[in-house]
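A short write-up of the structure that comes next.
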Amino acid sequence: MNSESLVFTVAPQVALQDFLSKRDYSKIVCITDKNCERFCLPHVHNVFTPENILAVEAGESYKNLETCTVIWQFLTAKQLDRHSLVVVLGGGVLGDMAGFCAATYKRGIDFVLIPTTLLSQVDASIGGKLGIDFQHFKNHIGVFQQPVVTIISDVFLETLPELELKSGFAEVVKHSLIGDYESWQEIRKHDLANQDWKKLIRASAEFKVKVITEDPREKGLRKILNAGHTIGHAIESTLLEKQTPVTHGEAVAAGLVMEAFLANRKGLISVDYLKEIKGYILSVFGKIETETLRDDLLIEKAFQDKKNRGNEILCVLLKENGDAVWDVSITAEEIKMALAYYRSA
Ligand SMILES: NC(=O)c1ccc[n+]([C@@H]2O[C@H](COP(=O)([O-])OP(=O)(O)OC[C@H]3O[C@@H](n4cnc5c(N)ncnc54)[C@H](O)[C@@H]3O)[C@@H](O)[C@H]2O)c1
C-alpha cells in the first residue's frame, strides 16, 4: 500500500466519479449503514441508483455473519460479476465488514472505501485488515485485502456525533505522539472543536500508511501503533464486564496517560512531557470513572493482551519528541502504580 491509493478531497462525489471515469466496471453498488444512508449518502448520491444501494443496521453488534449474509445476498441478487465494484460508505464497522464481503464474494471483487468517521479515516480504512466479529471474539474472522482506492473527506465529520469524533481523535493523538510530532505540536494548541481536521486527517492517515508500509507483517515498527492500547484495552474490557462501559477512544486516551507515566518512570520521557500529555488528554477526554476499575481485574486483562510473550506484559512506551519503543516489559506492580497516578491526576 502507498499514499497514492488514498485520495483526500473536499468533494467525495467528484473524487469517486473521477476514479470511475478511469475504470470500466460492469456494475457498481453501494453498501452503507442506516445512519450513513441519512447523513453521508447525500455527499455521493449521484453515483448510485437507489436500487443499487443497501443500507444495513448500524453498529458493532451488527458486524457479524448474519449481516454478511444480507450483503452477499444483495450482491448475488444484483448479479455482480467479477468486474463489478462495491463502494463501502461508512465507519470502521462498515469498512471492515462490507470490505470483507467484497474481498470474499466470488473470491474477491474490487471495492472502494469511503470512510465517514474520523477513526476510520485515520485508522480502520488503512492497512487492509477486513473482517467481522464471531461469537464473542472481536475481528475473529477476516482477510487482508486492499481497496482499489480510499476516498477521505472531512465533510463527513460535520454530522459525526462528538463521542465518535473523540474516538477517532484518540488515535490521531496516538499517531502524533508516536511519530507525527509536528501534528502533536499543533493539536495541543487547540481543543477538540478547533482542530484543523483537513490537515490532521491527512498527516495522521499518511503516518499510518508509512508505518505499515515499512513493516507490513508487524514484526517490529508496526507494533508502535499499539501505544495506549495495552492498558487501554484492559480498561475497556474490565469496564465492559462491570457494565460501566467506556468508548474505545476514552479507554485509549486513559491508556496513553497511564503508559506515559510508565515511560517517565523508566526514564524514557521527562516529567514535563508527561505533564503536557496528561494535561492535554484530560482536558479533551476528561477522566474515566475509576471506581469500578479494580487493580487486580485490570492486571488480569493486561496479562491476556495478544501482544504479550509468555508471561510478560509487553507494552509500547513513548520516548521524547514523538518517538516510541515497543516490546517493553511492564510488571503488574507498575500497572497498579500507573492506575494510582491516573486516579490522582
Ligand atoms: N481494520 C482495521 O485496521 C481497524 C482499525 C481500527 C478499528 N477497526 C474497527 O472499526 C470499528 C469502529 O469503527 P468506527 O469507530 O468508525 O465505528 P462505526 O463504524 O460503528 O461508526 C460509528 C457510528 O457513527 C455512525 N456514523 C458513521 N459516519 C457518520 C457520519 N459521518 N455522520 C453521522 N454518523 C455517522 C455509524 O452509523 C455508527 O453508528 C470497530 O469494529 C473496529 O474493530 C478496524
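Atoms considered below: every heavy atom in the structure, side chains included; atoms not considered: hydrogens, waters and symmetry mates. Both ligands and their constituent atoms are indexed starting at 1 by order of listing.
Close N/O approach between T116 and ligand 1 is found [any backbone or side-chain N/O within under 3.5 Å]. Residue V93 has at least one nitrogen or oxygen atom sitting less than 3.5 Å from a nitrogen or oxygen atom of ligand 1, judged on distance alone. The shortest N/O to N/O separation between A58 and ligand 1 does not fall below 3.5 Å. Not a single N or O atom of P161, backbone or side chain, sits closer than 3.5 Å to an N or O atom of ligand 1. By the 3.5 Å distance cut-off applied to N or O atoms, K129 is counted among the residues near ligand 1. Close N/O approach between S167 and ligand 1 is not found [any backbone or side-chain N/O within under 3.5 Å].
Ligand 1 has no atom lying under 4.0 Å from any heavy atom of H248. Close to ligand 1: C40, with a non-hydrogen atom less than 4.0 angstrom away.
Relative to atom 36 (C) of ligand 1, the option among D33, T32, L119 with the closest non-hydrogen atom is D33. Taking each of A124, S125, G127, G59 in turn, the one with a heavy atom nearest to atom 3 (O) of ligand 1 proves to be A124.
Defined by atom type and a distance below 3.5 Å, a donor-acceptor pair is present between the side-chain atoms of E250 and T247. Side-chain contact annotation: H248 with E236, donor-acceptor N/O pair under 3.5 Å present.
In the vicinity of T117, heavy-atom distances shorter than 4.0 Å reach the ligand 1 atoms 14 (P), 16 (O), 21 (O), 27 (C), 28 (N). Those atoms of ligand 1 that come under 4.0 Å of a heavy atom in C36, given as number and element, are 26 (N), 27 (C), 28 (N). Near E60, meaning under 4.0 Å from one of its heavy atoms, ligand 1 places the atoms 40 (C), 41 (O). Within the listing of ligand 1, atoms 40 (C), 41 (O), 42 (C), 43 (O) sit less than 4.0 angstrom from a heavy atom of K138. Near L160, the atoms of ligand 1 lying under 4.0 angstrom from a non-hydrogen atom of the residue are 28 (N), 29 (C), 30 (C), 32 (N), 33 (C), 35 (C). Close contacts of ligand 1 with T159, meaning ligand atoms under 4.0 Å from a residue heavy atom, involve 30 (C), 31 (N), 32 (N), 33 (C). Near F156, the atoms of ligand 1 lying under 4.0 angstrom from a non-hydrogen atom of the residue are 30 (C), 31 (N).
Annotation for I126 and Q121: closest pair CD1-O, 3.6 Å, computed over non-hydrogen atoms.
To the nearest 0.5 angstrom, Y105 atom OH is 7.0 Å from S84 atom OG.
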